[in-house]
Amino acid sequence: MNISSPNTTAQTSKLVDENIGFVRRIWRGRIWYGTEWYITVIGGLILLGVTMMTILAPVLAPYDPNEFIGAPFTPPGRGQQALVSRTGENPVPSASEITDEVVGVQRNQNGVNLAKELNYEYERYQNQEELLTALENGEVDLIFINQELVPEVLGAYPNLGVVDEKLGRSYRLGTDNLGRDISSRIVWGARTILGVALASALLSSFVGIPLGLISGFAGGKVDRTLSLVMDSIYSFPGLLLAIALAAMLGPGLLNVAVAISVIYIPTFYRVVRGQVLSIKESLYVDAARSLGAKSSNILRRYIFPNVIPSVVVVFSLNIADAIITAAGLAFIGLGLPPDIPDWGYDLSKGHSFLVAGQWWMITFPGIMITLVAAGFSLFGEGLSEILNPRLVK
Amino acid sequence: MSPGLRRYIFVRILLTIPMVLILVTVVFFVLRVIPGDPAVAILREGASEEQLASFRAAAGLDQPLHIQYFRYISGVVRLDFGEAMKRSVPVMQEIRTFFPATVELAIYSMLITASVGIFFGAYAAHNRKSAADYGIRISSIILYSLPIFWLGLMLQMIFGAQLGWLPVSGRLSPGMTPGPEETITGLYTIDAILNRNWVLFKDAILHLILPSITLGLVLAGIFTRLTRANMLDVLEQDYITAGRARGIWERVLVYRHGLRNAFIPIVTLLGLQVALLLAGAILTETTFSWPGLGRLVVQRIYDRDFATLQGAIIFFALIVAGVSLIVDILYGFLDPRIRY
Amino acid sequence: MTNNQSSEPDILYKIRKLVVEYHTRGVVVTAVDHVDLDIQRGEVLGLVGESGCGKSTLGKALMRMIEPPGEIVGGELWFDGTELLSLPEREIREYRGSKISMIFQDPMTSLNPVQRVDEHIIETIKVHEPETKKSAALERAQALFERLGIQKRRLNDYPHQLSGGMRQRTMVSLGLALNADLIIADEATTSLDVIVEAKLVDQLEEIRKEFWVTILLITHNIALVAQIADRIAVMYAGKIVEIGYVNDVFLNPLHPYTQGLLQSVPNIKFDEREDLFKMPGEPPSLSDPPQGCRFHPRCPHVMPICTQVEPQLLENSPDQLVDCWLYQNLPEGYESTIEVEK
């Protein structure tokens, strides 16, 4: 007598039910997969974040990334100005009341930009000392000084007082050597880097996957020749190949993408070919064929579903690699034209100014590159463990 | 040497030749046939017609393609890459001057990569699914995601500029370069030991620390992953369980039996690592102003020195192919299944 | 068959209420469920059951070789007077290989491919007897090989250079190298072809007599058990359902599962029209086993109580234990629907 206990059916169906939504299934995966799940999901969240940054760039970025909007080398968080005059004399009650008073500003400080922007009459001085002297002896009645310097200045010059403060913009991550806002460049740079990486990964897969399929399926001479060519390219230092290509193709987004894509074609080729081979040999395909299944059916039902997970993993890891390679190319100077905000380019520029202690120009783009590349890698690695788990016996 | 081994080595050598040929041909095409006129690519706009024509003639670009290819291949075989443009020195000589610096950097970086990678990879595999394992895995991914030059810059900033402990550029302090009598290998650390010149040794090592840590750590990220994967495969094998059933200590099982078996595929992986090493060297050398082949390549790009660029790239390719061949042969000696 | 029926049998390994669980993917699987077992000194005990019934897990547990995600969660293992589960890891390690040893199913993968055969044996000896000189250990290895019928020069070979039968005999010699008291053979003959298997079985019998070893033979091959075992223990879904002397059990199988097992063995004297006996149903899920007696969904003699309360492994006749309500006094309120001769 076959009595299957009611318990058994209910429990198995809970875990395998096809009808729960996709998001819910991901959440359930938490118990099923353990820590791998967290790794993949964190990677996925980073990806989502970067994608959001890409899409919402105009909204998220405070300023235009190419505009020389601030003073060069403004440290992070700085930029705002205070309006200072001699104590007791407040020529104007606040900054907005300035009409034709002349404001003293220090060269290469944000005061200049602010004054220009607000259309004030201004007088430029070489350094802070000259500026303050000018205020003291009446050459000008008002000056702009950096907000953070107020306590120091007032301490040294007790006869000066603040009229208005926290004027103008602050630059959350500082500005670069040309006065461009770094946080905006970071936000807009996401587009660039993702665009290049995605384009190159797509190109690599479009060439690599079909070649892998053909090679795996056809076998024989075709397979051997292709494998040899691919192995040769694969064993070659990738960056070198990209450099050679990029040098010859010249600057431009598409050229860079093409240059990088060549490196990864063999990876896609190998993975796909390997999968096709192992599936081709596997027993269930033999069984299907012995039952008379058509080749196209075999391709569709057996090979594709098994190849696709691996491809997704490789694609993700490929993008991570491409990001780093693109940054590398930019560092050497073979990247994109300077008017496109690019994290790699910012890094290369920052190199020269490191010694002067202006760390913020390279720190933030570097962190972003690492974060995004790591995000894609985590996602790919986690997914790979989940899809092809190493079974513990 | 057993016949099996002999055949294995022979086949490997045979396979290397077409690989090198393919690589060299790919480089040929990349540097010549890619869109546009190489003369224009190199001389850029502003060059007059005569300049372009004379350039083409000098570089042999006005010849039909197959003749160019033939000259190219015959040059490669003799390791004659022509003369550097604008410099009138044979390319090979320049390569020979700068190559030892890259080798030295590569060796020390490899030491770091191998020791970090093997140790942490084996440890992670041994303690699978522990906090340490996940920590090591995630750290490896982050390490590998770091742009090499960025890590280099950060280290330069912290240890060089701010703390002042280590030098940030070059191979030696000014005035320390050994003369030709003292230079045997071109690797300053080795030469210093051979000449018992300890001052030179210390200076060279100090300059090597930051660049090799930079390159070594980033590559260690990948290498740890690979070691871990191989070790996991090995530790799952039946003979490890059987060994445990005979009372062999865990540590001996993992670090002796396990590593001995995992070591063989790892050795082949080291061959692949050389390719990554050379690629990474380009960026590292640029960051640290290290006078090696990588920095040469970058500088010649700026100069649009097409001949040197080509020569250097082919040289790299030959090195990679050579190392792969050596590694494969080594594999044959290490794996008893092939040796007997 | 040992002549110990009159006096108290000398128990080498007393296993009480052993429980082994596996935790994977959010589910707990009880592979060994409160197993009681006595292994007598000097006997060959055959442990049979379907794939997945837990016999391999039981074998590993007896050497405390259960790895995560598996875990021994309860019970007592009294080996020669010492309770093994209470020992620290480094002490248990000393037992492995020297007091209890294991022979595995696949000899090719159970030998280290980069290690010579003699190194295998010498290492094993030195691990447990560090004072032994390498030359002495080598002599012992040579003696073992001679005893098992392998040429001495084979000791210098790597595993892949040996034939399948030689490899398995190497494994046996590793098991004997330190004169273990108990050898657990986990499907030791499954991967061998019939002729090689027969040779190995003969050798096992000789060894057993000569070295006075106790053997736990884990297999799904009942014929093998019939050939060399003294007693047989039948396992189903993590529980032992019947134990007894081979002759008794084969002639008079008590548990319905045992009956089904014996009926399923193809008989060479088949009538042409006789069909192969198939036991209905499938082995149960060990993560969510049936309530009551685990065999009840497939049992031809199932009674109402079987679906609700688990029976116990009790003696039905001297030296034959069975875990079935057919042979036990039913608790209050239940009626037996079938009468069985005792």
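So that the names make sense, note that chain A is the first sequence line, chain B the second, and so on, each numbered from 1.
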So, the part of B:Ile264 with a heavy atom under 4.5 Å from chain C: the answer is side chain
Per-residue tally against chain B (heavy atom, under 4.5 Å) across C:Gly97, C:Ala180, C:Pro113 peaks at C:Pro113
Listed by number, the residues in residues 127-135 of chain C that come under 4.5 Å of chain B (heavy atom to heavy atom) are C:Val127, C:His128
Do B:Tyr108 and B:Thr189 have a side chain donor and acceptor closer than 3.5 Å?
yes
Requested in this report: Using a cut-off of 6.0 Å, state whether more than 12 heavy atoms not belonging to B:Phe120 lie near its atom CZ.
Outcome: no
Closest non-hydrogen atoms of C:Gly75 and C:Glu83, given as atom of the first, atom of the second and distance, are O-OE2, 4.4 Å
Can you establish whether the number of heavy atoms outside B:Tyr134 located under 6.0 Å from its atom OH is more than 12?
yes
Applying a strict 4.5 Å limit to non-hydrogen atoms, the region of C:Gln115 in contact with chain B is both
Output for pair (C:Ile103 CD1, C:Leu200 CG), nearest 0.5 Å, gives 7.0 Å
Under 3.5 Å, is there a donor on one side chain and an acceptor on the other for B:Asp238 and C:Ser110? no
Those residues at least two apart in sequence (or on a different chain) that pass salt bridge (charged side-chain N to carboxylate O under 4.0 Å, His left out) with B:Glu250 are B:Arg244
